[in-house]
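Here's the structure we're looking at; comments come further down.
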Amino acid sequence: MSVFRPFKLMALLCVLLALVLDLVALLSPAWVTAEHFSLSLWESCTESAVRNEAGEAVKTCFSTLTSDWQIATLVLLMSGAAVTLVTFLVSIIWMCRDTRTNQYRTVAVLLFTAVVLQACALVLYPIKFIDSSVLQTYHEFNWGYGLGWGATIFMLGGAVLFCLRTDLYEDATY
């Protein structure tokens, strides 16, 4: 008989939440917003003063995939998400096989790698945005950017939980 310690299950839940937050952050239409401007990882939109027949402002959008730093941010975020997906699938397989060997260190190392990729992207983004920004108005980093940080924090939590050595405390005498 062994004692069930849910650290690995909590780590798996952290990784799942990180995947969901990462996906929503990647698809988010709002990473930076200003009065008549919004910027996502995929496109930049501006509202003009011209109104259509319904009285709505006309939006003009163009792709952001022409800027090197935005492509680099996107590649780093997608790489982190891909590594996180691989670690999620591998950890599910190892949990289902119910092996007692300490294979979770590999998952933890992969998750730490994903954290580094994500953190590099999330630090690069505001630095290069402010460096290349031509906005003359107040702007703020919106919820899409915040979800990226949330995903990174959950990845880090999952990596730390996978590093815990619970096999030392499992004994047949319990």
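The residues of the chain are indexed from 1 along the displayed sequence. Please read these numbers as outputs of a predicted model, since none were measured by experiment.
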So CG of L124 and CG of D131: to nearest 0.5 Å the spacing works out to 10.5 Å
Just jot down the side chain to side chain contact (heavy atoms under 4.5 Å, CB included) partners of L147, sequence neighbours excluded, or say none. L21, V24, A25, W143
H139 and A34 have their tightest heavy-atom pair at CB-CB, 4.0 Å
Identify the two heavy atoms, one from T87 and one from T84, that lie closest to each other, and give their separation to 0.1 Å. OG1-O, 2.7 Å
Path from L156 to V116 over hydrophobic side-chain contacts below 4.5 Å: no
Can you tell if the side chain of L111 reaches within under 4.5 Å of the side chain of F162, non-hydrogen atoms only? yes
All ring pair (Phe, Tyr, Trp, His ring centres under 6.0 Å) counterparts of Y125, not counting sequence neighbours: W31, W69
Checking L85 now: which residues fulfil side chain to side chain contact (heavy atoms under 4.5 Å, CB included) with it, not counting sequence neighbours? L19, L89
Grab the two heavy atoms, one from G158 and one from A11, that are nearest each other, plus how far apart they are. O-CB, 3.6 Å
Under a 4.5 Å side-chain heavy-atom rule over Ile, Leu, Val, Met, Phe, Trp and Tyr, are W149 and I130 clustered together? yes
Which residue pairs pass the side-chain hydrogen bond (donor to acceptor under 3.5 Å, both in side chains) test with at least one member in residues 9-30, sequence neighbours excluded? D22-Q118
The reported gap from OG in S40 to CD in Q70 (rounded to nearest 0.5 angstrom) is 8.5 Å
Closest heavy-atom pair and its distance - A18, F154: CB-CB, 3.9 Å
Heavy-atom check, side chain of T46 versus side chain of H36, under 4.5 Å: no
When you compare the side chain of L26 with that of L74, does any pair of heavy atoms fall below 4.5 Å? yes
What is the distance from atom CG of L13 to atom CG of L16, rounded to the nearest 0.5 Å? 6.5 Å
Roughly how far, to the nearest 0.5 Å, is CG of L76 from OG1 of T73? 6.5 Å
Side chain of S38, backbone of A30: donor and acceptor closer than 3.5 Å? no
How many angstroms lie between OG1 in T33 and CG in N142, if you round to the nearest 0.5 Å? 4.0 Å
State which residues pass ring pair (Phe, Tyr, Trp, His ring centres under 6.0 Å) with F112; sequence neighbours excluded, sorted by chain then number. none
Give, for atom OH of Y145 and atom CZ of F129, the distance between the pair rounded to the nearest 0.5 Å. 11.5 Å
L41 with M78, same ILVMFWY side-chain cluster at under 4.5 Å: yes
May I ask you to test the E43-S63 pair for a side-chain heavy-atom distance under 4.5 Å? no
Exercise: identify the closest heavy-atom pair between A119 and T152: N-CG2, 4.4 Å
Listed by chain and number, what are the salt bridge (Lys or Arg N to Asp or Glu O under 4.0 Å) partners of D68, not counting sequence neighbours? none
Checking K8 side chain against L164 main chain: does a donor-acceptor pair fall under 3.5 Å? yes
L65 with F62, same ILVMFWY side-chain cluster at under 4.5 Å: no
Looking only at non-hydrogen atoms, find the nearest pair between S44 and L39 and report the distance. CB-CD1, 3.7 Å
Could you check whether any side-chain heavy atom of L12 comes within less than 4.5 Å of a side-chain heavy atom of L161, counting everything from C-beta outward? no
Shared hydrophobic cluster, L77 / V75 (ILVMFWY, side-chain heavy atoms < 4.5 Å): yes
Yes or no on side chain to side chain contact (heavy atoms under 4.5 Å, CB included) for L122 and F141, after CA distance, side-chain angles and deciding distance? CA-CA 11 Å; L122 294 168; F141 294 95; over 6 Å; no
